[in-house]
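Presented below is the structure to which this report refers.
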Amino acid sequence: MSQNKAASWVYTEQLHTEPESVTQARKEAAELQISSTGAASVQFLKNLVLLPHIRTVAEIGTGTGVVSLSLLLENPAINLTTIDIESVAQGYAREHFAAAGIRPSRYRIINGLSSDLLPRLACAAYDLVYLDGDPLEAEGDAKEAIRMLRPGGILVCNHALYQDRVADPARRDNVTVALRNLGRALLEAEELSATVLPVGDGLIFAVKR
Ligand SMILES: C[S@@+](CC[C@H](N)C(=O)[O-])C[C@H]1O[C@@H](n2cnc3c(N)ncnc32)[C@H](O)[C@@H]1O
């Protein structure tokens with residue numbers, strides 16, 4: 001295998017252009033010290049919402065709306081629920097949705113902890129769940145996401161490779177260990193068919209059986 005993976009990663013991140021509103025949301029996220037999903041990963045999610053069976057989407061970790069705005073703009077037929085603990089960041093997302101003319105009936109922005117909110121969301125009611133919240137809560141959040149998904153539904157988790165730390169067994173900090181454990185758990189879960197995609201910071205891509 002070629003050793004020059006870093007150049008390939010940079011290349012794939014630069015392939016995609018985004019609307020000005022998404023670029024603005026990235027800037028706002030950076031000002032709030034919130035990391036945004038990379039452009040190649042956003043494009044991957046945008047491709048998923050064009051699949052005909054993807055209509056109901058949930059996101060854990062709204063941030064300033066980089067992903068949620070991108071998905072709502074990509075396919076006017078989807079509905080999206082997005083949750084976050086940071087109301088200021090969610091305020092930016094709400095402003096972007098309104099400025100883009102997205103009907104409020106197409107989205108729910110819910111403020112609170114994922115561990116409190118996810119158990120209240122309906123079973124087998126979602127076609128796509130994007131998990132991008134607190135890595136230390138990710139394993140519990142993923143269990144809830146699996147419950148929320150319909151058969152054939154898709155779970156995508158960000159930071160599967162977490163700054164190249166997950167693949168390095170010498171890295172034992174809490175976040176890296178949590179994300180390594182998440183990957184193992186999802187790849188072993190009987191109710192899923194899962195893989196890790198080397199896109200952006202790494203994506204776990206799983207389909208519910
Ligand atoms: C990586 S950012 C999400 C970025 C967003 N998905 C995007 O690409 O624009 C992670 C977000 O998770 C939120 N968060 C952290 N812990 C959380 C928790 N326990 N419950 C809900 N949201 C949480 C943070 O406030 C932050 O906005």
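We count ligands from 1, going down the list as the structure has it; atoms in each ligand are counted the same way. Note that the structure is predicted; figures quoted are calculated from it, not measured.
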Please tabulate, for the side chains in residues 175-182, all donor-acceptor contacts under 3.5 angstrom to protein atoms that are two or more places apart in sequence or on a different chain.
from, atom 1, to, atom 2, distance (Å)
T176, OG1, D173, OD1, 2.7
T176, OG1, D173, OD2, 2.9
R180, NE, V166, O, 2.8
R180, NH1, R171, O, 3.1
R180, NH2, R165, O, 3.2
R180, NH2, V166, O, 3.3
R180, NH2, D168, O, 2.8
R180, NH2, R171, O, 2.9
N181, ND2, V177, O, 3.4

Who's touching ligand 1 if we go heavy atoms under 4.0 Å? I34, S35, S36, T37, E59, G61, T62, G63, V66, V67, D84, I85, E86, G112, L113, S114, D132, G133, D134
Within the supplied structure, the quantity of interest is the number of heavy atoms (other residues, nucleotides, ligands) at a distance under 6.0 Å from R106 CZ; does it exceed 12? yes
More than 12 heavy atoms of other groups within 6.0 Å of K46 NZ: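 Count over threshold, so yes.
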From the options I34, V22, T23, D132, select the one residue that forms a side-chain contact (heavy atoms from CB on, under 4.5 Å) with V66.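 Passing option: V22.
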Which heavy atom of A185 sits nearest a heavy atom of E139, and at what distance? CB-OE2, 3.6 Å
Residue of the set R150, R55, K208 for which side chain to side chain donor-acceptor pair (under 3.5 Å) holds with D127: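 Of the listed options, the one satisfying the test is R150.
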